[in-house]
Amino acid sequence: MATSFSSAIDVNYTKFSHSFTHPKKLPTKRFKISCNVTDPQKQNPSLAEQLKPLSNTTLSDGPKKDTQFKSRPKSTWVNPARRKPSVLNLQRHKKASYEYSPEIRDLKLFTKKLNQCDGSEEAFLAVLDEIPKLPTRENALLVLNGLKDWEKAVLFFDWLKARKLFPIETIFYNVVMKCLRFGRQFGVVEDLANEMIDNEVELDNITYSTIISCAKKCGLSDKAVEWFERMYKTGLMPDEVTYSTVLDVYAKLGKVEEAMSLYERGRASGWEPDSIAFSVLGRMYGEAGDYDGIRFVLQEMKALGVRPNLVLYNTLLEALGKAGKPGLARSLFEDMIDLGITPDAKTLTALLKIYGKKRWAQDALELWGRMKANAWPMDFFLYNTLLNMCADLGLEEEAEGLFKEMKGLQNFRPDSWSYTAMLNIYGSGGNVDKALELFEEMAKSNVSLNVMGCTCLIQCLGRAKKIDDLVRVYEFAMARGVRPDDKLCGCLLSVATYFEGEDLDRVLNCLEQASPKLFAFIKLLDEEDTVYGSVKETFKSILNNTAVEARRPFCNCLIDICRKRNLQERAHELLYIGSEHGLYPGLHTKTSEEWCLNVRSLSVGAAQTAFEEWVESLTKIVERKEALPELLSANTGAGTHKYSQGLANSFDLHVKEIAAPFTQSEDKAGLFVATKEDIISWVQSKSPAVAVVA
DNA sequence: CTAGGGTTAG
């Protein structure tokens, strides 16, 4: 079992073991805090002290049957109607289930009545008064368990307490708390917990894990941590459920160090993490995009011989998607299949997302084929994920087929996600007519246009220079309450570079609605008396208020707009500010043999601007007779996307325009090279004075 | 199914 998923883990493990910060070395802040809250009156040992004897005695060798984790107490539930059957009884009354016991059936009916009655206290108590006979402890639990509304559970619980029919034990509180958690009533849960303390009713691991998970569900992480620390204060050791619950609290807070610290302490105390704990950790590392962390989880699972189940595989695949690692995801998936686990829709969704995002077309299509061949389960998410995958891979025909299939399904229709994926496909493929057709179809089928669909349409209509349709779609979206986001603003900015004159003004009008600040900035750039300081200040403020992924597109587009309006100086200023802001990491790289200008992430205008700047600085170096490397190169990239291929071509034109001595490499499209000699003689030819001095 | 923990869209 452990060996079958080893193939995924063993990849490059040596490298991994060097780069991963082992949890043992992590700070233990969390535990210092839990020590600080120790009640001075009780003088209980700190967690570390509590765990010490355990780690010395139970960690290393041999069977650990004496630790509490092996023998967790089972539910104390007793079904009053199901007595331990004798062998004879078993033979004769095989079907004698409690459902047919009249007493239980009555109780169930009574519970149903309680569930159905009016929510008011009076109505509930009125029904409660009709109870056939005063309940025993077990019957009371049966009723309590069957109540759905937390208000009713609390009323019934109060009624039980007032009647004093039997002592109210921990289990009663636990059952009520579970119900309160469902109703997200942390305040009431906390009151009950304090009541338990006051009444000296024992709080056990079930109580604590319910309190903690309730706080978590209510988004009160600080309360969750607080109650975990209170638990330590009492000297109660967490069991495996409490561990996973608290690990999840830290994981959802993104507190990786705290989670790992707890993990390590738990391990030292003899806790054996199970698939749920690993699922929590895997998800946490996925959210952090931490590949080494995910491999640590896989390694630990292997070392402990934990056999992953479907949910754990799904979580790990999802995490690998977030970390952007298709290779490990693929081998993990194959391990899962080899183990005989049938993937569900979530598994396939996770995997297809990775393949699509990473443009692993072959693997994506192969998997899609296997899905059909094996009739693996499909659901709504999976259909839309397949459509998105088609968009990522540019599979227009496949998407059309799938979309048609979706329209014929019984259970659901294509929704705005599905339409958005199709708009994305038509938009990036430049298929304006089909995109517009889809837009009309959405209105007819009552599917609302979301902001991404709107962005895809605007992009597409902009490229096709269909200004009337563009404005119409934009106004439609705004009227339907679509709220422009940074991506839509970036799209409008990029579209603005396709238009001139009156049409440009119409695009800018749209932009003004979406972002008055951006619109004002464009006006500012246009004004002659604008000083650099105010450009810088305004632009920095805009960038800081923009989603990270939209910052570089903003800068690129604004530079393009400046160049279109012959504001070259402004274009250089924006590039400078953008570089200072870290938008173009790795733009310049230098080795002793070669200096390289990497413009792959720049727009046409930004690339030209960067190139001009570079050439200017090379010229100065030649003029000052400073050292140059043998080779100089500018890289535009070949462009894997349909619309990014333009960069190499326009760059080529620009190079020729300014007669720079760079030539495009024949082996590698988008790579422009010049030798040191080329540059020197070119500079000298431009300014003969330099040649004379030389 | 019987008191507590983990997974799904740009």
Side-chain angles (χ1 to χ4, degrees), chain A residues 72-82 97-99 104 108 138 141-146 153 169-181 189 203-214 216-217 224 238-249 251-252 273-284 286 308-319 321-322 343-353 356-357 379-389 391-392 415-418 420-421 423-424 450-456 485 487-488 547 549:
Chain A
R72 80 156 132 148
K74 285 281 173 262
S75 159
T76 56
W77 181 263
V78 177
N79 184 342
R82 195 156 50 181
S97 142
Y98 65 92
E99 309 250 334
I104 296 300
K108 283 199 153 184
E138 283 70 32
L141 275 172
L142 196 72
V143 173
L144 200 52
N145 236 307
E169 302 156 40
T170 306
I171 185 170
F172 286 91
Y173 283 96
N174 291 347
V175 172
V176 179
M177 282 183 182
K178 181 190 173 188
C179 188
L180 286 163
R181 189 186 54 183
V189 166
L203 284 77
D204 61 10
N205 260 296
I206 298 175
T207 321
Y208 282 110
S209 60
T210 311
I211 297 170
I212 293 164
S213 61
C214 177
K216 184 172 70 178
K217 205 174 168 189
D239 67 7
E240 71 267 41
V241 176
T242 310
Y243 270 122
S244 318
T245 310
V246 179
L247 279 178
D248 194 44
V249 171
K252 292 219 160 85
D274 57 11
S275 59
I276 295 181
F278 286 127
S279 168
V280 166
L281 293 181
R283 211 178 75 95
M284 174 182 79
N309 59 17
L310 180 60
V311 175
L312 179 49
Y313 270 118
N314 290 350
T315 312
L316 289 171
L317 288 171
E318 185 74 25
K322 297 242 163 76
D344 66 3
K346 280 179 185 160
T347 322
L348 301 164
T349 300
L351 205 53
L352 288 168
K353 245 161 65 182
K357 259 198 294 195
D379 70 2
F380 178 76
F381 282 103
L382 186 46
Y383 268 107
N384 280 343
T385 303
L386 275 168
L387 280 183
N388 280 326
M389 183 200 82
D392 285 332
D415 66 349
S416 64
W417 289 87
S418 328
T420 302
L423 287 173
N424 191 4
N450 62 24
V451 65
M452 188 189 173
C454 175
T455 306
C456 292
D485 59 4
K487 281 187 185 167
L488 179 52
E549 70 273 14

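Chain naming here is simple, since letters A, B, ... match the order of the sequence lines and numbering starts at 1 in each.
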inquiry  = What I want to check is whether an N or O donor and acceptor connect the side chain of A:Thr242 with the base of B:dG4 at under 3.5 Å.
reply    = yes
task = Give the nucleotide from the list B:dG4, B:dA3, B:dA9 with an atom nearest to the side chain of A:Asn145.
result = B:dA3
inquiry  = Rounded to whole Å, please give me the gap between CG in A:Asn205 and P in B:dG5.
reply    = 13 Å
query = Can you check whether A:Lys178 has a side-chain N or O nearer than 4.0 Å to OP1 or OP2 of B:dG4?
reply = yes
Counterpart residues, side-chain hydrogen bond (donor to acceptor under 3.5 Å, both in side chains), relative to A:Asn424 (two or more places apart) = none
inquiry  = With a 4.0 Å limit, can you tell me whether A:Arg283 has a side-chain N or O closer than that to the phosphate oxygens OP1/OP2 of B:dG6?
reply    = no
key: Nearest listed nucleotide, side chain of A:Lys346, among B:dG4, B:dT7, B:dG6   = B:dT7
ask   = For the side chain of A:Ile171, counting heavy atoms from C-beta on, which of B:dG6, B:dA3, B:dG5 is nearest?
value = B:dA3
query = Do NZ/NE/NH1/NH2 and the carboxylate oxygens of A:Lys216 and A:Asp248 come within less than 4.0 Å?
reply = yes
key: A:Tyr173: partners by ring pair (Phe, Tyr, Trp, His ring centres under 6.0 Å), with sequence neighbours left out   = A:Phe157
query = B:dA9 base to A:Asn384 side chain: any donor-acceptor pair below 3.5 Å?
reply = yes
ask   = Which nucleotide sits closest to the side chain of A:Val175: B:dG4, B:dA3, B:dG6?
value = B:dA3
